[in-house]
Amino acid sequence: MIDSKISDILQDIKESSPGQNEFYQAVEEVLFSIKPLLKYDNKYLDNNILSRIVVPERTIIFRVNWLDDKGVVNTNLGYRVQFNSVIGPYKGGLRFHESVNLGIVKFLGFEQIFKNALTNLPIGGAKGGSNFNPKGKSDNEIMKFCQSFMTELYKYIGKNRDVPAGDIGVGSREIGYLFGQYKKITGDFDGVLTGKGINWGGSFARKEATGYGSVYFAKEHLAVYGDSLEDKDCVVSGSGNVSIYTMKKLYEFGAKPIACSDSRGTIYHKKGIDIASLISVKEVHRDSLEAYAKLHHDAKYIDTAHYPSGGHAIWHIPCDLAFPSATQNELNLIDAKELVKNGCILVNEGANMPTTPDAIEYLLNSGVKFSPAKAANAGGVATSQLEMSQNASMTQWNFEEVDIKLHQIMKNIFKTAYGSSKEYGADGNLIVGANIAGFKKVASAMIDQGVI
Ligand code: NDP
Ligand code: 2IT
């Protein structure tokens, strides 16, 4: 009965929202994983929560026209999916990447609902972005694009309504241009975006938060099994915001990040990735990892064109711990088999939905511990909420104060997800635990607030 109800819902969304594969994937995982809760308590099915929760409260799609440096008019699509606001204002990042479409934004927004609930902070779920490709654009073009994007988006956001932040392709530079335009249009200096600069309303440790939080989570996860991060060889895909600060924190706990990647290639540096060089190459010069290999002759660069067929080079480098921290579906079954063969004991998701469903199944069946994204990467959005909190009280906490709060939040999320996995008979399966805990909170609030 529950299985057929879930299958009907999936069929409905496939018919009403064609071509949104990533969204179906995210919904399927959540709905099937919460079956132990649905069996235990009828109220969610009785109130038709499943059919309601998979439909965004509001979807905004808009045109973004901007002039490039040659004076040519360019047109992109802008999106904001305001998915669920029962526990707080909509909250979630903006992604600028050529692959962005409605299905991607909806999958990210759907995941964000439960992630945000898990932080135990009052934030609803949303996501947005554009199919704009920032690669190769001048600073001026990025600014023009951001200004045009905000000229439409400002109508729908607000410090108590919807508070966007960064994601792939959106960092402090883009948040600066977006914030400047919002302020110019509205005249308000508001905490309407998070990830702001430290001198203009930003929070210390927001930049580091997702990566640091991911490592705090991995530490808690290993500790349950009497293990630690000490002396572990780690591979961390990506070399952006999440990846860099994951690697930095890994060193602090005595682990060694030995490989990372970007859209063009993979670096294998057996003696350990040099974080200062990486920041210089990727954050300062916005270059490709090939430039890192030129600085370190003992590091091996593997071009994406040479990835083993169907798999990704980074997961074929032997490691103890894997931190997929680049993008969705970047770790597939071929990669999972390789990780298991090489003795990997934990996959800790820094990116959103980086592991394909068949890879997850294989990893779990092989006894690999698995930290799902909703729980493991929630430190970024949690610290965004700390930024909102500081803005609301017109104050700024120091780095250590924020970091201590972040660490505590990640411990609590682990405890919640692990505890809920035990309570519902899933014995340490954190996918089940995290999804049930997040869903319960949001679904109960939906019931409390009536049919709206
Ligand atoms: P960045 O843009 O800072 O970095 C992304 C990195 O991943 C880059 O190294 C990029 O390569 C690589 N990458 C992106 N897309 C692809 C692709 N299609 N194929 C191969 N490589 C790719 O983004 P973030 O670090 O902020 O985000 C990384 C992941 O973490 C995303 O899944 C995001 O949703 C998630 N996340 C981010 C949070 C945040 O606070 N920023 C919070 C929680 C989750 P290149 O350098 O060549 O572009
Ligand atoms: O996926 C995510 O949680 C983010 N990109 C961060 C969102 C936020 O509002 O800080």
Side-chain angles (χ1 to χ4, degrees), residues 22 88-100 104-105 107-116 118-119 121 123-129 133-136 162-175 191 193-196 203 205-214 236-247 260-267 278-279 281-283 285-292 304 307 312-314 323-331 349-355 373-388:
E22 291 82 1
Y90 303 110
K91 183 84 196 87
L94 297 171
R95 177 177 291 191
F96 292 169
H97 192 268
E98 67 270 25
S99 64
V100 166
I104 301 255
V105 180
F107 116 65
L108 289 162
F110 185 71
E111 294 281 287
Q112 200 82 43
I113 304 171
F114 308 103
K115 181 197 305 196
N116 293 4
L118 274 173
T119 65
L121 298 165
I123 37 180
K127 202 82 185 191
N133 177 4
K135 289 221 172 69
D162 183 357
V163 183
D167 193 81
I168 291 177
V170 178
S172 55
R173 173 180 60 165
E174 290 73 19
I175 294 292
L193 291 156
T194 58
K196 298 185 291 301
S203 173
R206 173 60 188 92
K207 183 175 70 174
E208 294 81 359
T210 313
Y212 280 19
S214 169
V236 185
S237 64
S239 49
N241 174 266
V242 178
S243 178
I244 289 174
Y245 294 96
T246 295
M247 291 191 262
C260 63
S261 60
D262 65 13
S263 55
R264 282 178 272 186
T266 294
I267 285 286
L278 189 66
I279 288 179
V281 169
K282 296 300 298 185
E283 266 189 19
H285 297 290
R286 300 179 189 275
D287 208 340
S288 115
L289 280 176
E290 213 170 350
Y292 178 99
T304 301
Y307 281 10
H312 303 86
I314 188 144
F323 292 81
S325 307
T327 192
Q328 65 275 359
N329 293 329
E330 55 161 319
L331 195 168
E349 295 188 321
N352 286 307
M353 207 169 76
T355 320
K374 277 182 206 81
N377 76 27
V381 75
T383 307
S384 275
Q385 198 281 343
L386 300 180
E387 184 171 326
M388 289 164 70

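First listed ligand is number 1; within each ligand, the first listed atom is number 1. In this text the structure is predicted, and so the values were computed from the model without any measurement.
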Review point. Is the closest N or O pair between G238 and ligand 1 shorter than 3.5 Å?
Key: no

Check your understanding: Any idea which protein heavy atom is nearest atom 14 (C) of ligand 1, and the distance to it?
Key -> I168 CD1, 4.1 Å

Point to revise | Shortest protein contact, atom 19 (N) of ligand 1 (heavy atom only) | key: T327 CG2, 4.0 Å

**Study point:** Min N/O separation K127 to ligand 1 under 3.5 Å
**Key:** no

**Study point:** Non-hydrogen atoms of S237 and A326 that approach each other most closely
**Key:** OG-N, 3.6 Å

Exercise for review: Record the part of R206 in heavy-atom contact with ligand 2 below 4.0 Å; permitted values are side chain, backbone, both and neither.
Suggested key: side chain

**Study point:** Steps toward side-chain contact (heavy atoms from CB on, under 4.5 Å) verdict (Q112, D167)
**Key:** CA-CA 12 Å; Q112 200 82 43; D167 193 81; over 6 Å; no

Check your understanding: What atoms in ligand 2 come closer than 4.0 Å to a heavy atom of A165?
Key -> 8 (C), 9 (O), 10 (O)

Practice item. Identify, by atom number and element, the atoms of ligand 2 in contact range of K115, meaning under 4.0 Å from any of its heavy atoms. Key: 1 (O), 2 (C), 3 (O)

Check your understanding: What atoms in ligand 1 come closer than 4.0 Å to a heavy atom of H97?
Key -> 15 (N)

**Study point:** Non-hydrogen atom of R95 closer than 4.0 Å to ligand 2
**Key:** no

Review point. Under a 4.0 Å heavy-atom limit, does N352 contact ligand 2 with its side chain, its backbone, both, or neither?
Key: side chain

Revision key, fill the gap. Residue, atom and distance of the protein heavy atom nearest atom 4 (C) of ligand 2 read K127 NZ, 3.7 Å

Practice item. Look only at the side chain of N377 and the backbone of T210, and say whether a donor-acceptor pair between them is shorter than 3.5 Å. Key: no

Check your understanding: Looking at K91, Q385, R206, E387, which one forms a side-chain hydrogen bond (donor to acceptor under 3.5 Å, both in side chains) with T194?
Key -> K91

Check your understanding: Hey, does the side chain of T383 reach the backbone of G379 with a donor-acceptor pair shorter than 3.5 angstrom?
Key -> yes

Point to revise | ligand 1 atoms in contact with S263 (distance to a heavy atom under 4.0 Å) | key: 11 (O), 20 (C), 21 (N), 45 (P), 47 (O), 48 (O)

Practice item. With heavy atoms only and a cut-off of under 4.0 Å, state how S325 meets ligand 1: side chain, backbone, both or neither. Key: backbone

Review point. Is ligand 1 less than 4.0 angstrom away from at least one heavy atom of R95?
Key: yes

Review point. Got a donor-acceptor contact below 3.5 angstrom from the E174 side chain to the G166 backbone?
Key: no

Point to revise | Cationic N near anionic O, under 4.0 Å, E290 to R264 | key: no

Review point. Does the N or O separation between N241 and ligand 1 drop below 3.5 Å for any pair?
Key: yes

Check your understanding: Does ligand 2 have any atom sitting under 4.0 Å from a heavy atom of Q385?
Key -> no

Review point. Is K282 in contact with ligand 1, taking contact as a heavy-atom separation below 4.0 Å?
Key: yes

Study note, to complete from the structure: Closest non-hydrogen atoms of G350 and S325, given as atom of the first, atom of the second and distance, are CA-OG, 3.9 Å

Point to revise | Residue pair P89 / M388, side-chain heavy-atom distance below 4.5 Å | key: yes

**Study point:** N/O separation below 3.5 Å, V242 to ligand 1
**Key:** yes

Review point. In terms of residue, atom name and distance, what is the protein heavy atom nearest to atom 7 (C) of ligand 2?
Key: G93 N, 3.5 Å

Exercise for review: Determine, using heavy atoms of K135 and all atoms of ligand 1, whether some pair is separated by less than 4.0 Å.
Suggested key: yes

Exercise for review: Please write down residue, atom name and distance for the protein heavy atom closest to atom 9 (O) of ligand 2.
Suggested key: K91 NZ, 2.7 Å

Review point. Are the side chain of S243 and the backbone of G240 linked by a donor-acceptor contact shorter than 3.5 Å?
Key: no

Exercise for review: Answer with yes or no whether G169 contacts ligand 1, where contact means a heavy atom under 4.0 Å from a ligand atom.
Suggested key: yes

Study note, to complete from the structure: Heavy-atom proximity to atom 12 (C) of ligand 1 ranks first, among G350, G166, A326, for A326

Review point. Mind checking whether R206 has a heavy atom under 4.0 Å from ligand 1?
Key: yes

Review point. Looking only at N/O atoms, are N352 and ligand 1 under 3.5 Å apart anywhere?
Key: yes

**Study point:** ligand 2 atoms in contact with S384 (distance to a heavy atom under 4.0 Å)
**Key:** 8 (C), 9 (O), 10 (O)

Exercise for review: Look at ligand 2 and say whether G166 reaches it with a heavy atom at a distance under 4.0 Å.
Suggested key: yes

Exercise for review: Between S237, G213, S239, A209, flag the one that comes closest to atom 9 (O) of ligand 1 by a heavy atom.
Suggested key: S239

Practice item. Report yes if D167 has an N/O atom closer than 3.5 Å to an N/O atom of ligand 2; otherwise report no. Key: yes

Check your understanding: Purely on distance, is any nitrogen or oxygen of T210 under 3.5 Å from one on ligand 1?
Key -> yes

